[in-house]
Amino acid sequence: MKVWDNDGMRVLIVEDEPHMAELIGRGLEQEGMAVDIAATGEEAVEMAAAADYDSIVLDVLLPGIDGFETCRRLRAGQVWSPVLMLTALDSVGDRVLGLDTGADDYLVKPFAFAELLARLRAVSRRREPERPSVLEAGDLRLDPASRRVWRGETEVQLSSKEFAILETFMRRPGDALTRAHLVAHAWDSSYADSSNIIDVYVRRLRKKIDEPFGRRTIETVRGAGYRLRGDGGA
Ligand code: CA
């Protein structure tokens, strides 16, 4: 049973109007939550695949794919974070469509922030978060729930940012990830000061998960970024 605790709650806001996104984001941050913002549905699908959000606030009217399609793609991609849809369209048909595509609740714009917060709490409580399964790459294992990492039988101690970056890699084994992608998933997306910080963290990670074990798991992809070998560097 998950006890409601705003601290450590991570919420993804999907809203293309910067003013509205900022308003909601600031309100949630004042409640102690960590907030990421996606301006399009496509971006939201990518972000939600790489990080575990405790809930997602999803506007229906978006450029590109709309909120309904975004929700459909999230669920099709096995993202089960509770979704609260924001709609300016107060028609029964839209509500039904929203819930049919996998949203947990909806809120009609304009709304009071207190109501958004109450609905967000309700949808987050309703769904027992599934324990995410342990991620594996060869004998490198990462447990997102307990936030622990092992190489073989040896537990490896990582800082929270090192952990976040390794988790991002382990959700996309074999894929070349850009520094920008890694920054976006390990920091609030507002963190603009970019890419060479990733080089620093990759060096630290190699010192912890690779070098002591004679492995080379995180490969440099020239001109692109980095890639985690699916076999764990064996
Ligand atoms: Ca919008």
Side-chain angles (χ1 to χ4, degrees), residues 6 8-127 129 168 171 178 180-194:
N6 290 344
M9 277 265 304
R10 192 161 183 200
V11 181
L12 176 64
I13 299 171
V14 192
E15 166 65 272
D16 57 307
E17 293 145 63
H19 179 69
M20 178 61 104
E22 209 186 301
L23 207 66
I24 298 172
R26 215 182 307 131
L28 296 181
E29 279 174 353
Q30 274 167 11
E31 295 292 320
M33 302 179 198
V35 172
D36 288 336
I37 293 173
T40 65
E42 289 89 342
E43 196 184 341
V45 169
E46 193 188 319
M47 290 171 76
D52 272 329
Y53 289 102
D54 297 291
S55 51
I56 298 174
V57 177
L58 175 59
D59 191 36
V60 168
L61 296 177
L62 297 167
I65 61 170
D66 65 12
F68 300 128
E69 179 60 23
T70 302
C71 196
R72 219 176 271 125
R73 290 192 194 178
L74 287 170
R75 297 316 189 211
Q78 307 295 312
V79 171
W80 302 114
S81 316
V83 169
L84 176 63
M85 259 190 187
L86 303 182
T87 171
L89 320 159
D90 185 17
S91 81
V92 176
D94 283 319
R95 290 183 217 170
V96 170
L97 183 54
L99 298 175
D100 275 353
T101 57
D104 297 83
D105 201 359
Y106 60 87
L107 191 57
V108 177
K109 283 177 170 178
F111 51 84
F113 182 75
E115 189 178 2
L116 172 79
L117 199 57
R119 299 276 183 123
L120 209 52
R121 285 178 175 161
V123 293
S124 305
R125 272 202 206 104
R126 205 177 299 153
R127 192 187 295 266
T168 305
R171 288 186 183 282
T178 63
H181 177 97
L182 291 161
V183 165
H185 288 91
W187 277 268
D188 274 6
S189 34
S190 57
Y191 190 89
D193 182 11
S194 60

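Atoms within a ligand are numbered from 1 in the order they appear, just like the ligands themselves. Small disclaimer: the values here were computed from a predicted structure and weren't measured.
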Subject >> Name, closest N/O/S atom of Asp16 to the Ca ion (ligand 1) >> reply: OD1
**OP:** Check all N, O or S atoms of Glu15 and name the one closest to the Ca ion (ligand 1).
**Re:** OE1
Original post:
Does atom CD of Glu42 have more than 12 heavy-atom neighbours from other groups under 6.0 Å away?
Top reply: yes
Subject >> Heavy-atom closest pair, residues Lys109 and Asp59 >> reply: NZ-OD1, 3.1 Å
Subject >> Shortest non-hydrogen contact from Ser81 toward Asp104 >> reply: O-OD1, 4.2 Å
Subject >> Arg171 side-chain N/O to Ala49 backbone N/O, donor-acceptor pair under 3.5 Å >> reply: no
Subject >> Short N/O/S contact of Val60 with the Ca ion (ligand 1) (below 3.0 Å) >> reply: no
**OP:** With the Ca ion (ligand 1) at the centre, find the angle made by OE2 from Glu17 and OD2 from Asp59, to 10°.
**Re:** 120°
